Peer 1: 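Here it is, the structure, as structure tokens.
Position 1 is the first residue of the sequence, and the numbers go up from there. Everything quoted here is computed from the prediction, not taken from an experiment.
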Amino acid sequence: MRSYKSLNNLLGWLVFAIATLTYILTLEPTASFWDCGEFIACSYKLLVPHPPGAPTFLLLGRLFSLLAFGDGTKVAVLVNMLSALSSSFTVLFLFWTITMMAKKLVLHRPGMHDDRNLEPTSGQTWLILGAGAVGALAYAFSDSFWFNAVEAEVYAMSSLCTAAVVWLMLKWENRADEADSDRWLILIAYVIGLSIGVHLLNLLAIPALGFIYYYRRTNNPTLTGGIITLALSSVIVGLILAGIIPGLPTLAGNFEVFFVNTIGLPFNWGLVIFLVVFVGLIWFGFRQSFQRRSRLLNTAMLAFVFILIGYSSYLIVPIRSSYHPTINENDPEDVLSFVSYLKREQYGDRPLLYGPQFNAQPVAQNEGAPRYVRKGDKYVVAEYRPELEYRPEDKMLLPRLYSNDPLHMIYYKKWVDIQEGVKPTMGQNLSFLTRYQMGHMFWRYFMWNYVGRESDIQQAGILWPGASSAGLPERIADSEARNNFFALPSFSASWACFTRCAATAATHSS
């Protein structure tokens, strides 16, 4: 019989082939009716799509479009193919992730260990590989994932980046005792940097990676240590989300305005000075890591630099914008307009943690951050972004019922018993959160993938086991989008969680 390693690799590639064949056979031949057409066009000619852009996706899409060899009719399907391959590679990494975790469970080795040299028995091998195949293929054929796998959108590639960093972290966990194991962490940082140029969803994997690092490096982990790890991981996410992505370009813009308007230097010299100072600070950080012989600081500096290397794909946005292409949204050709592009300022903002409710009336309008434009040899303020001020009593925590848009009000009233002109209570606010945002918009989508979906009609519900088609319109009853999975994927996942808990408890009791 083949070794476990060879069987794991062989079955993983077989699952990959099944997913790839499925997605290619069901691939969109042209453009879907939403952002896909824009991404296909922008990939083909390297144009500037809507903020905040997806340069990594566009660069890879451009490579795929070259396979059309000048035939423009084949470009759409080739860019769609990029999503198909991204999705099948996601399934491959998911398979290997499941088998790595299942091996620890089946061999009754809870915790973090190097178990590469442990060879399962024949029965254990097929149990592990079966778990990987069931889990990976269940995900491959799930409603939302399959939907994104056959069209030119960023979510398939974002899923690939997330699957890759989790798989790489588990690879590191098996090699953490080796002298050069930190190279896996550097590779993870690079993939995270690249993923910023696709979608920010990948950053949500960082807390999970932080927990793997903590439990692998700590001999006696504690609850307090776990809480600190979660807090530090969240800080890292915040630093990348606010400090690196818009923060560095914003700082570069401040340098540019200061050195042009105050010092009198030509345009772009402030940007050059910022880059010199920034590179100098990076050099100083590495020098400190060598002087202190700090492996942790050196690894952190390398990870930071490799995130920046991956993030540098965003440089194509101002470069391509400066050529004024046919699609050039927001015209981000200089550092100041580029910052606005990254911050999605055209969309405005909404209160996430604290802010006004829907019938709050502003009591004042203040001048916010200035927007600069070039005029002559200076930057001048074109406008100040308005900031509305509200009374404290009109604000609340987690304001879910915040918009006074008439269309939004219709949805509010559909899900919560509210009246216009009457301030909503916190109970009504949280009711909308749980019933609509969590219940209808999250759990309904989740159940579509693992229980069933009634149809492809807007606002379609969950198709529960035993549901009858009697009395339904033919358009819905005979629709190929009416999928009933009989909750089997959901039950299998619940059973896997139960058996894992039982095995862990049995191991600890023995």
Side-chain angles (χ1 to χ4, degrees), residues 1-16 90-140 162-178 180-185 187-188 191 204-223 225-226 229-230 233 489-510:
M1 181 180 176
R2 289 174 177 265
S3 67
Y4 168 78
K5 181 178 180 181
S6 61
L7 285 173
N8 187 41
N9 291 335
L10 180 62
L11 190 56
W13 286 110
L14 178 60
V15 168
F16 167 83
T90 301
V91 172
L92 174 64
F93 286 128
L94 176 59
F95 173 86
W96 284 333
T97 297
I98 293 173
T99 56
M100 275 193 279
M101 299 179 72
K103 186 178 181 182
K104 296 179 182 296
L105 175 62
V106 172
L107 296 180
H108 300 287
R109 286 173 56 83
M112 300 296 182
H113 310 280
D114 182 359
D115 53 11
R116 285 175 292 165
N117 296 324
L118 296 178
E119 190 71 17
T121 65
S122 176
Q124 290 174 331
T125 295
W126 291 114
L127 185 61
I128 295 168
L129 298 181
V134 170
L137 290 176
Y139 187 63
T162 303
V165 297
V166 174
W167 176 75
L168 288 169
M169 196 66 186
L170 292 176
K171 296 282 282 187
W172 167 85
E173 183 267 322
N174 267 333
R175 296 159 175 78
D177 295 328
E178 298 176 357
D180 60 349
S181 63
D182 286 354
R183 60 180 177 162
W184 294 93
L185 302 179
L187 179 57
I188 289 171
V191 175
L204 297 179
I206 291 178
L209 307 184
F211 279 118
I212 296 174
Y213 184 89
Y214 170 72
Y215 285 103
R216 186 64 173 88
R217 289 292 195 201
T218 306
N219 293 326
N220 297 304
T222 62
L223 176 60
T229 299
L230 178 61
S233 301
S490 179
F491 284 137
S492 64
S494 301
W495 178 252
C497 292
F498 171 76
T499 54
R500 172 168 174 76
C501 293
T504 303
T507 303
H508 283 306
S509 63
S510 60

Peer 1: Can you name the nearest heavy-atom pair linking Gly210 to Thr229, along with the distance?
Peer 2: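 For Gly210 and Thr229, the tightest heavy-atom pair comes out as O-CG2, 3.3 Å.
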
Peer 1: Contact between Phe95 and Leu129 at the side-chain level, heavy atoms closer than 4.5 Å - yes or no?
Peer 2: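 Yes; the side chains approach each other to less than 4.5 Å.
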
Peer 1: Going by heavy atoms in the side chains, are Arg216 and Asp177 under 4.5 Å from each other?
Peer 2: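 They are in contact (side-chain heavy atoms under 4.5 Å apart), so the answer is yes.
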
Peer 1: What are the two closest non-hydrogen atoms of Tyr214 and Gly225, and how far apart are they?
Peer 2: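 Looking at all heavy atoms of both residues, the shortest contact is OH-CA, 3.2 Å.
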
Peer 1: Would you check if Ser233 and Leu209 make a side-chain contact, meaning some heavy-atom pair closer than 4.5 Å?
Peer 2: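 Side-chain contact under 4.5 Å: no.
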
Peer 1: Determine the minimum heavy-atom distance between Gly132 and Thr99, stating which atoms define it.
Peer 2: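 Taking Gly132 first and Thr99 second, the nearest heavy atoms are CA-CG2, 4.0 Å.
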
Peer 1: Do Tyr213 and Trp172 have side-chain heavy atoms sitting under 4.5 Å apart?
Peer 2: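 Heavy-atom side-chain distance check passes, below 4.5 Å.
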
Peer 1: Could you pull out the closest heavy-atom pair between Ala205 and Thr162, with the gap in Å?
Peer 2: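 For Ala205 versus Thr162, the nearest heavy atoms are CB-CG2, 4.2 Å.
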
Peer 1: With side chains defined as the heavy atoms from C-beta onward, is the minimum distance between Val15 and Leu92 less than 4.5 Å?
Peer 2: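 Of all side-chain heavy-atom pairs linking Leu92 with Val15, none is under 4.5 Å.
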
Peer 1: So Pro120 and Ile128, do their side chains get closer than 4.5 Å, heavy atoms only?
Peer 2: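 Answer yes - side chains close enough.
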
Peer 1: Where do Leu94 and Ala136 come nearest, in terms of heavy atoms and distance?
Peer 2: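 Nearest heavy atoms, Leu94 then Ala136: CD2-CA, 3.9 Å.
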
Peer 1: So how far is it from Lys104 NZ to Leu170 CG, rounded to the nearest 0.5 Å?
Peer 2: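 Reported value, rounded in 0.5 Å steps: 8.0 Å.
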
Peer 1: Any idea which heavy atoms bring Asn8 and Trp96 closest together, and the distance?
Peer 2: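 Answer, listing the atom of Asn8 first, then Trp96: O-NE1, 3.2 Å.
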
Peer 1: State, with a plain yes or no, whether a side-chain heavy atom of Phe16 is found less than 4.5 Å away from one of Val91.
Peer 2: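 When only atoms from C-beta onward are counted, Val91 and Phe16 do not touch, as no gap falls below 4.5 Å.
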
Peer 1: Taking C-beta and beyond as the side chain, do Tyr4 and Gln124 meet within less than 4.5 Å on heavy atoms?
Peer 2: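 Tyr4 does not reach Gln124 side chain to side chain.
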
